[in-house]
Amino acid sequence: MGGPGAVDGQQELAGMPRRLYPCTPTRLTTWLDCPRRYRFTYLDRPAPPKGPPWGHTTLGAAAHVVLAWWWAQPFPRRVPALAGARLRADWDPDRFREQGFRDAAQSRTARERAAVWVEDYLSGVDPAAEPVGVERTVSTPTSTLVLSGRVDRIDRRRDGLVVVDYKTGRREPGADDARSSLALAVYAVAAARTLRRDCFRVELHHLPSRTVAAAEHTPESLRRKVSEAESIAADASRADAAYAAGDRGDERFPSRPSALCSWCDWRRHCPDGEAAAPQLEPWAAVEPE
């Protein structure tokens, strides 16, 4: 049976070194969620035009950017109000259309919400606890893959490294979300290899609620997650090779319709997705529930 990189029906030559398949957790979960969206995102070139920008994406990105900027400041400047002021200064409500908001008033409301989030969150953070990495790219090889990803923050604690991922969505994540996350587990394995220190704890920091959902992995649970990544990648890489060979149809890249199709950037190019879920306004997820 061919590994990643082998086209269906072909075997790798005996004795030849196997090329490791480079991928990120996002690429793997996109394949798992919907092969058709995977094709649009990673294989079609030029890619089909995306839908309009999403307001909740703008809001989350602004919070992530300013948190990374805050940690780059000298220690005396690391006060929560500085982060809020920077976010407000960088956000132009008159650009509301490219931000995914209904109008300038809604954009200003979202700006203030994001500024308050980061200020409240940072009020509970020790500015002297210097992270090992902020927006740090980490990677690790496995027997068949090269896994890599960009981590929001990596902390150093007494028992080793901790992967921190910021969340800004409506739903407050729980411990099961942290424990089951393929991305967090991959980041833990890659951070340990890149920084040469144990990393078993992963945390989801939910800015709106100021809660932390944490999980403690073990060497065995991380091995299971790496095996999961290798299994998904085996299917994705075969699809990549088939696409390169000209097999680009819906049978190879089927849709997986669900309610999430309302939020898909490629919805307009997928009749199955259009039929599965209603079209939402770009600002739908920033409106109060």
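Of all the heavy atoms in Leu204 and Pro173, the pair that sits closest is CD1-CB, 3.8 Å. For the pair Ser262 and Ala277, the tightest heavy-atom approach, listed with the atom from each and the gap, is OG-CB, 3.1 Å. A pairwise comparison of heavy atoms in Ala175 and Ala215 identifies O-CB, 4.3 Å as the closest pair. Between Ala115 and Gly84, the shortest heavy-atom contact is CB-O, 4.0 Å. When all heavy atoms of Phe253 and Pro35 are compared, the closest pair comes out as CD2-O, 3.6 Å. When all heavy atoms of Pro127 and Trp71 are compared, the closest pair comes out as O-CZ3, 3.7 Å.
The backbone N or O of Thr218 sits less than 3.5 Å from a side-chain atom of Ser221, completing a donor-acceptor pair. In this structure, the side chain of Arg252 does not engage the main chain of Asp247 through any donor-acceptor pair within 3.5 Å. In terms of modelled atom types and a separation under 3.5 Å, the side chain of Thr194 and the main chain of Ser139 share a donor-acceptor contact. Using a distance-only test at 3.5 Å, with no hydrogens or angles considered, no donor-acceptor pair links the side chain of Ser107 to the main chain of Asp103. Counting only distance, with no hydrogens or angles, the side chain of Gln73 and the backbone of Trp69 share a donor-acceptor pair below 3.5 Å. Distance alone, capped at 3.5 Å, is enough to place a donor-acceptor pair between the Arg170 side chain and the Ala285 backbone. The main-chain N or O of Ala128 is found under 3.5 Å from a side-chain atom of Asp126 such that the two form a donor-acceptor pair. The backbone N or O of Ala191 lies less than 3.5 Å from no partner atom in the side chain of Arg136, so there is not a single donor-acceptor pair. Of the possible polar contacts, one joining the Asp92 side chain to the Asp94 backbone as a donor-acceptor pair under 3.5 Å is found.
Looking at heavy atoms from C-beta onward, Leu20 lies out of side-chain contact with Leu145 at the 4.5 angstrom threshold. Using a 4.5 Å heavy-atom threshold, the side chains of Arg201 and Glu203 count as touching. Between Val151 and Val134 there is no side-chain heavy-atom pair separated by less than 4.5 Å. Considering only heavy atoms from C-beta on, Leu147 comes within 4.5 Å of Leu28 through its side chain. Counting heavy atoms from C-beta on, the side chains of Arg256 and Asp33 never come closer than 4.5 Å.
Here ring pair (Phe, Tyr, Trp, His ring centres under 6.0 Å) pairs that include residues 123-161, with residues two or more places apart or in two chains, number zero. Residue pairs meeting the salt bridge (Lys or Arg N to Asp or Glu O under 4.0 Å) criterion with at least one member in residues 267-280, sequence neighbours excluded, are Arg36-Asp272. Pairs of residues two or more places apart, or lying in two chains, that qualify as ring pair (Phe, Tyr, Trp, His ring centres under 6.0 Å) and include a residue from residues 192-235 are Tyr121-His205. Evaluation of the ring pair (Phe, Tyr, Trp, His ring centres under 6.0 Å) test over residues 88-116, restricted to residues two or more places apart or in two chains, returns Trp91-Phe101. Identified under the salt bridge (Lys or Arg N to Asp or Glu O under 4.0 Å) test for residues 172-185, with sequence neighbours left out: Arg171-Asp177, Asp176-Arg179. Residue pairs meeting the salt bridge (Lys or Arg N to Asp or Glu O under 4.0 Å) criterion with at least one partner in residues 63-73, sequence neighbours excluded, are absent. Legend: salt bridge (Lys or Arg N to Asp or Glu O under 4.0 Å) pairs involving residues 58-80, not counting sequence neighbours, sorted by first then second residue: Arg78-Glu130.
Annotation: Arg157, atom CZ; neighbour count of heavy atoms from other residues, nucleotides and ligands within 6.0 Å is above 12. The number of heavy atoms from other shown groups lying within 6.0 Å of CD (Glu251) does not exceed 12.
Placement of Val65 and Trp70 in two distinct hydrophobic clusters is found when ILVMFWY residues are connected by side-chain heavy-atom separations under 4.5 Å, directly or transitively. The same ILVMFWY cluster, assembled from side-chain heavy atoms under 4.5 Å apart, contains both Leu182 and Leu32. Linking Ile, Leu, Val, Met, Phe, Trp and Tyr residues whenever their side-chain heavy atoms come within less than 4.5 Å leaves Val202 and Val125 in two separate clusters. By the rule that hydrophobic residues join a cluster once side-chain heavy atoms approach within less than 4.5 Å of another member, Val186 and Val146 end up as members of separate clusters. Both Leu195 and Tyr187 are members of a single hydrophobic cluster when ILVMFWY side chains are connected at heavy-atom separations under 4.5 Å.
By the ring-ring contact (aromatic ring centres under 6.0 Å, His included) test, His269 pairs with no residue at all, sequence neighbours left out. For Ala276, the side chain to side chain contact (heavy atoms under 4.5 Å, CB included) partners at least two apart in sequence or on another chain are Pro257, Cys261. Not counting sequence neighbours, the partners of Ala47 by the side chain to side chain contact (heavy atoms under 4.5 Å, CB included) test are Arg45, Trp266.
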Verdict with reasoning, Val189 to Lys225, per side-chain contact (heavy atoms from CB on, under 4.5 Å): CA-CA 10 Å; Val189 173; Lys225 284 296 184 183; over 6 Å; no
Let's go through Arg150 and Thr24 carefully: what are the C-alpha distance in whole Å and the side-chain angles of both, what is the deciding distance for side-chain contact (heavy atoms from CB on, under 4.5 Å) to 0.1 Å, and is it a yes or a no? CA-CA 9 Å; Arg150 194 171 182 87; Thr24 64; over 6 Å; no
Given Ile154 and Val138, is the side-chain contact (heavy atoms from CB on, under 4.5 Å) satisfied, shown in steps? CA-CA 10 Å; Ile154 305 172; Val138 293; 4.1 Å; yes
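Checked by atom type, the side-chain pair Arg210/Ser123 shows a donor-acceptor distance below 3.5 Å. With hydrogens and angles left out, the side-chain atoms of Tyr38 and Asp240 include a donor and acceptor closer than 3.5 Å.
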Could you go through residues 55-63 and list every donor-acceptor pair under 3.5 Å that involves a side-chain atom there, pairing it with any protein atom two or more places apart or in another chain?
residue, atom, partner, partner atom, Å
Thr58, OG1, Trp54, O, 3.4
Thr58, OG1, Gln99, O, 2.6

Pairs of donor and acceptor atoms involving the side chains of residues 158-169, under 3.5 Å and at least two apart or interchain, shall be tabulated with distances.
residue, atom, partner, partner atom, Å
Asp165, OD2, Lys167, NZ, 3.2
Tyr166, OH, Arg153, NH1, 3.0

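In this structure, Leu122 CG and Leu67 CG are separated by 5.5 Å, a value rounded to the nearest 0.5 Å. Distance CG/Leu184 to SG/Cys199: 9.5 Å, rounded to 0.5 Å. Within the model, atoms CD of Gln279 and CH2 of Trp263 stand 10.0 Å from one another, a figure rounded to the nearest 0.5 Å. Atom CG of Asp152 and atom CD of Glu135 lie 5.5 Å apart (nearest 0.5 Å). Distance check: Arg224 CZ to Ser231 OG gives 15.0 Å after rounding to the nearest 0.5 Å. Distance check: Tyr243 OH to Leu43 CG gives 6.0 Å after rounding to the nearest 0.5 Å.
A salt bridge does not link Arg223 to Glu230: none of the charged side-chain nitrogens sits closer than 4.0 Å to a carboxylate oxygen.
With a 6.0 Å cutoff to the six-membered ring centre and a 45° limit on the axis angle, Arg27 counts as a cation-pi contact of Tyr42.
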